[in-house]
Number of protein chains: 2
Amino acid sequence: MAETQLRILVVDDERPIRRFLNASLSGQFTILEAATGEEALAAAISARPDVILLDLGLPDIDGLEVTRRLREWTQIPIIIVSVRDQEEHKIAALDAGADDYLTKPFGVGELTARVRAALRRAAHPESEPIFQKDDLLVDLARRNVLKQGQAVSLTPTEYDILRVLVQHAGKVLTHEQLIRSIWGSENVSGEEDSHLLRVNVSNLRRKLETDPSRPRYIVTEPGVGYRLKTA
Amino acid sequence: MAETQLRILVVDDERPIRRFLNASLSGQFTILEAATGEEALAAAISARPDVILLDLGLPDIDGLEVTRRLREWTQIPIIIVSVRDQEEHKIAALDAGADDYLTKPFGVGELTARVRAALRRAAHPESEPIFQKDDLLVDLARRNVLKQGQAVSLTPTEYDILRVLVQHAGKVLTHEQLIRSIWGSENVSGEEDSHLLRVNVSNLRRKLETDPSRPRYIVTEPGVGYRLKTA
DNA sequence: ATTCATCTTGACGACTTCTTGAACCTTTTC
DNA sequence: GAAAAGGTTCAAGAAGTCGTCAAGATGAAT
């Protein structure tokens, strides 16, 4: 086993801070840098770092949004590093999917200790966030869906449904679970939402399935929900 | 799906703090308390909490030592809650195996957010209850039933019956118990429901058993109920 | 203001599942 | 062996669920 050095992606728009973090961590880790949210998302996909240090105040996409988008396809540990000390910021970031929240200024020792803790937990080897079966390919990291090599254009809602199905491929997801993860936990009233889900699944099938009346991928589990077939 | 409430072990020698944490968290979680390190270690073993909130300043064993001893056998998330704000304490605790370090005083919102984050991370190793015998396989987590490797399609009612039987595999379930857990405790009138149960069991057997007239899996206990054979 | 894509709602037919009654089988009891 | 009790199977209507189409509502972009 080649002990490759672990990689940390540092995301901050201020150059001095990136330099500081780089200097603090480069002894033990390989450092990658990104100055904007877009850069961060791109780097996460192409470089697959082992930990991401993320500033909240980015010029383009807010750090919270970056966290959410990352969490759509990966469990890479995210440690927020921010000047914002208010509790609501911390809560929002942690609930968006961040693993830890560190307020500037902080000690280098604490930072590296928290990075070590995050790495220790994440030791599970992660499988590629890609679903493939027959002529359908879903790449969650790139937000790409290919049918017979052709890109399929999905609406946001359709993609969300497909993403949740892929993230639990093989398992049955109940109507409620799907509705919750797509429209939020508030609106789970009943038949109306179920119907909405059915319409969207129908549209999704029309785009993905060769024969929508006999689905190979998204199968209905009558009275329960839907399942993305793995085999 | 049995939605058991998640359990948090609160370890602190000061009663007021335990009470405060208990009050803050008891809405969402079941709280267990320990006042000493010994108590904490014993409770962790006997009660298997899902998260441990640990104060460093305990009267008998130091919190750091408690963390190390816990880490000898478990990966239960440990969140240190301490008045000690110096960096070296944080580093030592995190390197001892703690997942997070929160300095008193802190907001309840941040605490619960960090608890949620810890739970989310730890939720991965899901133990999947699977029943297998001969050529029948029931995977409750995936809601999958395989007969000779072939997926069997069950109606919601049929699956419910099978699920209850699997959850009590080997034990005899009375008609009443089965009816209660499938149609609710209200309608347990009498012969009508018993008959309904029989019809559904019959349909279930037709799908699962190789020879429905001589059942190998779901056996009838005359005058009592049904039983799922384990061996 | 207009356009466009998307979301949402309603209507309806096709299909699945539930429930019930009747007939048939099996075991126990007298 | 006949009767009774309990259990199983079949079939058919009732009830409910699902998929699809299409029209209206929403909201962002021009």
Side-chain angles (χ1 to χ4, degrees), chain A residues 143 145 151-163 165 172-179 181-184 186-227, chain B residues 143 145 151-163 165 172-176 178-179 181-184 186-228:
Chain A
R143 220 170 200 280
V145 181
V152 179
S153 130
L154 300 179
T155 70
T157 313
E158 286 161 7
Y159 182 80
D160 278 345
I161 293 173
L162 183 60
R163 176 172 55 76
L165 285 170
V172 177
L173 289 168
T174 65
H175 299 140
E176 196 183 319
Q177 284 175 310
L178 282 165
I179 292 166
S181 45
I182 289 150
W183 288 283
E186 318 82 33
N187 5 350
V188 186
S189 50
E191 186 47 36
E192 283 176 17
D193 300 284
S194 278
H195 180 49
L196 189 45
L197 178 64
R198 282 200 293 273
V199 172
N200 276 292
V201 169
S202 173
N203 294 334
L204 196 48
R205 286 211 262 234
R206 179 143 15 101
K207 292 178 179 175
L208 299 183
E209 301 280 358
T210 316
D211 178 1
S213 65
R214 220 163 310 108
R216 278 188 301 166
Y217 307 114
I218 304 176
V219 296
T220 303
E221 297 286 339
V224 187
Y226 297 94
R227 178 212 317 256
Chain B
R143 204 183 193 278
V145 181
V152 180
S153 129
L154 300 179
T155 71
T157 314
E158 285 160 7
Y159 182 81
D160 279 345
I161 294 172
L162 183 60
R163 178 174 51 75
L165 286 170
V172 179
L173 288 167
T174 66
H175 297 147
E176 196 183 319
L178 282 165
I179 292 167
S181 46
I182 290 149
W183 287 281
E186 317 82 32
N187 4 349
V188 187
S189 49
E191 187 46 37
E192 282 175 19
D193 299 285
S194 277
H195 178 53
L196 190 45
L197 177 63
R198 284 190 212 110
V199 172
N200 275 292
V201 170
S202 170
N203 294 335
L204 195 48
R205 286 211 264 236
R206 178 142 22 94
K207 291 179 180 176
L208 299 183
E209 301 280 359
T210 316
D211 178 1
S213 64
R214 221 164 311 108
R216 277 189 299 166
Y217 308 115
I218 304 175
V219 296
T220 303
E221 297 287 339
V224 188
Y226 296 94
R227 182 164 60 93
L228 187 66

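We name chains A, B, ... by the order of the sequence lines, and we start the count at 1 in each one.
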Rounded distance in Å - CG (B/L197) to C1' (C/dT20): 15 Å
A/D193 CG - C/dT8 C1' separation (whole Å): 11 Å
Residue list, side-chain hydrogen bond (donor to acceptor under 3.5 Å, both in side chains) with B/S202, at least two apart or on another chain: none
A/D160 side chain near A/W183 side chain, heavy-atom distance below 4.5 Å: no
Stepwise side chain to side chain contact (heavy atoms under 4.5 Å, CB included) check, A/L154 with A/I161: CA-CA 10 Å; A/L154 300 179; A/I161 293 173; over 6 Å; no
Side-chain N or O of B/W183 closer than 4.0 Å to phosphate OP1/OP2 of C/dT19: yes
Qualifying ring-ring contact (aromatic ring centres under 6.0 Å, His included) pairs with a residue from residues 198-226 of chain B, counting only residues at least two apart or across chains: B/H175-B/Y226
Distance test, side-chain N/O of A/T157 to OP1/OP2 of C/dT6, below 4.0 Å: no
Separation of C/dT9 P from A/N200 CG (nearest whole Å): 11 Å
A/I179 side chain near A/L196 side chain, heavy-atom distance below 4.5 Å: no
B/I182 CD1 - C/dT19 P separation (whole Å): 11 Å
Atom-to-atom span, CD of B/E158 to P of C/dT19 - whole angstrom: 12 Å
Footprint string (nucleotides 5-21 of chain D, 5' to 3'): B base within contact, S backbone only, - free, heavy atoms under 4.0 Å: -SSBBS------SBBBS
Whole-Å gap separating P (C/dT6) and CD1 (A/I161): 14 Å
Axial bend angle, the helix from C/dA1-D/dT30 to C/dC30-D/dG1: five-pair end segments, nearest 10°: 30°
A/V172: side-chain contact (heavy atoms from CB on, under 4.5 Å) partners, not counting sequence neighbours: A/E221, A/V224, A/R227, B/R143
Under 3.5 Å donor-acceptor, B/E209 side chain and B/I218 backbone: yes
Pairing residues for B/N200 by the side-chain hydrogen bond (donor to acceptor under 3.5 Å, both in side chains) criterion, not counting sequence neighbours: none
OG1-CG distance between A/T155 and A/N203, expressed to the nearest 0.5 angstrom: 7.5 Å
